[in-house]
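Working notes for the structure below.
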Number of protein chains: 2
Amino acid sequence: MAATLKDVAIRAGVSRSAVSRTFTDGASVSPKMRKKVQKAAAELGYRPNALASSLTTGRTKMIGLISNNFHNPIFLTVFDRFTRALQERGLRPLLVNLSDETDPQSSVQMMRQYSVDGVIVASSTLSPDFSKAFRDAGVPVVHTFGRHATNPHVHVVGIDNVECGRMAARALVARGHRRVAFLGGPEAATSTQDRYQGFMTEMAKHPKVKTTYSFADDYSFEAGRAEMQRLLQGTMAEAYFCGDDVLSIGVLSAVRDAGLKVPEDIGIIGLNDMEMAGWANIDLTTIRQPIGQIINSSVELIAAMLDDPGRYPEARLFPCDVVERGTLRPVPDP
Amino acid sequence: MAATLKDVAIRAGVSRSAVSRTFTDGASVSPKMRKKVQKAAAELGYRPNALASSLTTGRTKMIGLISNNFHNPIFLTVFDRFTRALQERGLRPLLVNLSDETDPQSSVQMMRQYSVDGVIVASSTLSPDFSKAFRDAGVPVVHTFGRHATNPHVHVVGIDNVECGRMAARALVARGHRRVAFLGGPEAATSTQDRYQGFMTEMAKHPKVKTTYSFADDYSFEAGRAEMQRLLQGTMAEAYFCGDDVLSIGVLSAVRDAGLKVPEDIGIIGLNDMEMAGWANIDLTTIRQPIGQIINSSVELIAAMLDDPGRYPEARLFPCDVVERGTLRPVPDP
DNA sequence: GATTTTTTTGCAACCGGTTGCAAAAAGTGT
DNA sequence: ACACTTTTTGCAACCGGTTGCAAAAAAATC
């Protein structure tokens, strides 16, 4: 069975406190004692029990990583990046799948049962109130992909979805499209609302361009495809800003099945620049959300909060940029 | 700050032991006492600290979920399923990303520091020795997607990759193909080796069919595409068994870019039946690996081991089946 | 009511660590 | 060698729970 601190103390012929100090950063212990203890510990294969020490230190080094999105392919990259960034700092992600429930209180309680040092909410659809429940319970929290506010109640890291909507609108206008449309994800999602708002307000500056919009049921291939199939029954726009890449791929599929050419007949621009967007058979023009930076910044922020829990809530927004690929025609020469 | 068992005891005017018994399944406590304690606990928002109790019980209900694959899209489904199945049993996954290192001992040590109740190794590329290190350290372990052996040292849950190779071969032969090929993932991977072996041994039964093989660098779209582009410079087979779905999608991309028609000119069969295989623009004929069953079985097995740690190691293999879609021509009528 | 049996309860020790503090040891200066 | 200062060390209490056991209380039996 696992060796304990007491076993090491007995073997090294020292007090338990000496052993503890040897393994506690910053604690005072003589070099001679340290060597004696380390020798005994090595012989026994001893490593401190993180959970026992957390009772005294109040630190587990575990971070709750909460998500309700396990279907959008970009989230595999998200989990890859989060796990790596946390591990690099000696932090351990306790993964929570909230696809089936979003009661803040039961999540808060569970996280406190495990004494996580902090929580990262990785979701664009879980509400600010969800994240705020952690803050109110005294648990450091960062909401990644959350909607920013002028006076944020919790730390938010992400992109400005409104600005992305404007950016997409500008991209379509710059290509001379006279009829454009927003095809968003689920209408109730804040990310959808913000992208829609940005798109529509930018398009309002171009009254001569006909602008329409609609929503898919979900951020998924099937939902995007189904919504475009519905649109194909009526009057089409020349170009579409689709709420995200996976939606865009569904839209592309429906368009091509209808015998239309992309970008010649129909232009498509997505959002996210997930790995698949660059696959040769997709080649999606999209707006890149800098996932790596967002995640590193989130982890940096949660780590900072461990040392400064009273840290004032901030919103860190990262700029997006248009990635030119094959689904939008080139900008005409001036 | 969080209420403790002691706070509840004081508020209810009872002993700490009474409070503990109220929250411990199977412990003896009168209904009257229980009600009194529960009232006080509710008023204080008390929940037992799982880590403190683990010191006595030896149980954290945390399960290490180890993976080194965060790029194959099917792993998003894998994580979704694992988190759900574990959560349903009140178990919590501590996620570990081993993309960058595979030293068994450091992983074992980390898991023991957190007193996980068990470990699930979700990887087809991490070696049996990796999993065995946990067993040797007395940590219950299940290797999901591991290679089975006649005398397994650890519990293994997955598919018979050799049989899948045979199955793919039979599928190609049944369609009358006279020139067939295996296009595998990384040659060193055991999954590649087994699939290759099954394919080749089955094809050996059909000496009149010309059989060739090659390997992609990786299980990825780009690697699949690149390998097919290389093959397109030479003599092509009529149909290919590609080592997994994501490889197949890359292969499809290269084939179509070369102006060939699928399945008329070239047939493709993949393996896994990940969500994307069914997308209308992919419509991949593939061999379904029953991910849901594999994962539920793994979780069932780890849960069983918590109660019976000495349980004899077993291998649970699930049958695969061919999913007919659009990338292989139909079987000719007899 | 008295006796016996069963259930409930609190005490105190335990789980594996950390840490304040006083005493001991080591180091420095004269 | 002695006085003073700094560092190191062990003790014992603590962190937030669980549990064996003996005593007390409740229930059952006659």
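Because the structure is predicted, anything quoted here is derived from the model rather than measured.
- Listed candidates were C/dT9, C/dG17, D/dT9. Nearest to the side chain of A/Ser53 is C/dG17.
- Between the P atom of D/dG16 and the CZ atom of B/Arg47 lies a distance of 17 Å, rounded to the nearest Å.
- In terms of phosphate contacts, A/Thr56 brings no side-chain nitrogen or oxygen within less than 4.0 Å of OP1 or OP2 of D/dC14.
- Residues B/His143 and B/His155 are not in side-chain contact: their nearest non-hydrogen atoms beyond the backbone lie 4.5 Å or more apart.
- Here the side chain of A/Thr57 is nearest to one of C/dG10, D/dT18, C/dT19, namely C/dT19.
- B/Val141 and B/Ser131 make their closest contact through CG1-O, 3.6 Å (heavy atoms, listed as atom of the first residue, atom of the second, distance).
- Relative to the side chain of B/Ser15, the nucleotides D/dG16, C/dG10, C/dG17 differ in distance, and C/dG10 lies closest.
- Rounded to whole Å, the distance from CE on A/Met33 to P on C/dA24 is 16 Å.
- Counting heavy atoms from C-beta outward, B/Ile159 and B/Pro290 have side chains that approach closer than 4.5 Å.
- Nearest-nucleotide positions on DNA chain D for B/Leu51 and B/Arg21 put B/Leu51 closer to the 5' end.
- The distance between atom CD of B/Gln113 and atom P of C/dC15, rounded to the nearest whole Å, is 20 Å.
- Atom CD1 of A/Ile10 and atom C1' of C/dG16 are 13 Å apart (whole Å).
- Both B/Gly13 and A/Thr24 lie near DNA chain C, and the one whose nearest nucleotide falls closer to the 5' end is B/Gly13.
- When rounded to the nearest whole Å, the span between CG of A/Leu44 and P of C/dG16 equals 14 Å.
- Taking 3.5 Å as the limit, the base of D/dG10 and the side chain of A/Ser17 contain a donor-acceptor pair of atoms between them.
- Side chains of B/Asn97 and A/Phe79 form no contact here, defined as non-hydrogen atoms less than 4.5 Å apart.
- The side chain of A/Ser30 sits closest to D/dT9 out of D/dG17, D/dT9, C/dG10.
- On a pure distance criterion of 3.5 Å, no polar donor-acceptor pair joins the side chain of B/Ser20 and the base of D/dG17.
- Nucleic acid contact class of B/Val19 (heavy atoms, under 4.0 Å, all strands): none.
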ask   = Between B/Arg84 and B/Asp80, does a salt bridge (charged side-chain N to carboxylate O under 4.0 Å, His left out) hold up when you go through it step by step?
value = CA-CA 6 Å; B/Arg84 287 162 179 272; B/Asp80 185 32; 2.8 Å; yes

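- The nucleotide whose nearest atom lies closest to any side-chain atom of B/Asn49 is, among C/dG17, D/dG17, C/dT9, D/dG17.
- Minimum atom distance to the side chain of A/Arg16 is reached by C/dG17, of the listed C/dT7, C/dA12, C/dG17.
- Remark: P of D/dC11 and CG of A/Leu5 are 14 Å apart, rounded to the nearest angstrom.
- Here the nucleotide nearest the side chain of B/Ala18, chosen from D/dG10, C/dG10, D/dG17, is C/dG10.
- Within the structure, every side-chain polar atom (N or O) of A/Tyr114 is placed at least 4.0 Å from both OP1 and OP2 of D/dG16.
- Taking only side-chain atoms of B/Leu55, from C-beta outward, the nucleotide of C/dC15, C/dT7, D/dG17 with the closest atom is C/dC15.
- Side-chain N/O atoms of A/Asn49 and A/Thr4 include no donor and acceptor closer than 3.5 Å.
- Between A/Lys36 atom NZ and D/dT8 atom P the separation is 15 Å, expressed in whole Å.
- Note: CG (A/Asp25) to P (C/dT18) measures 10 Å, nearest angstrom.
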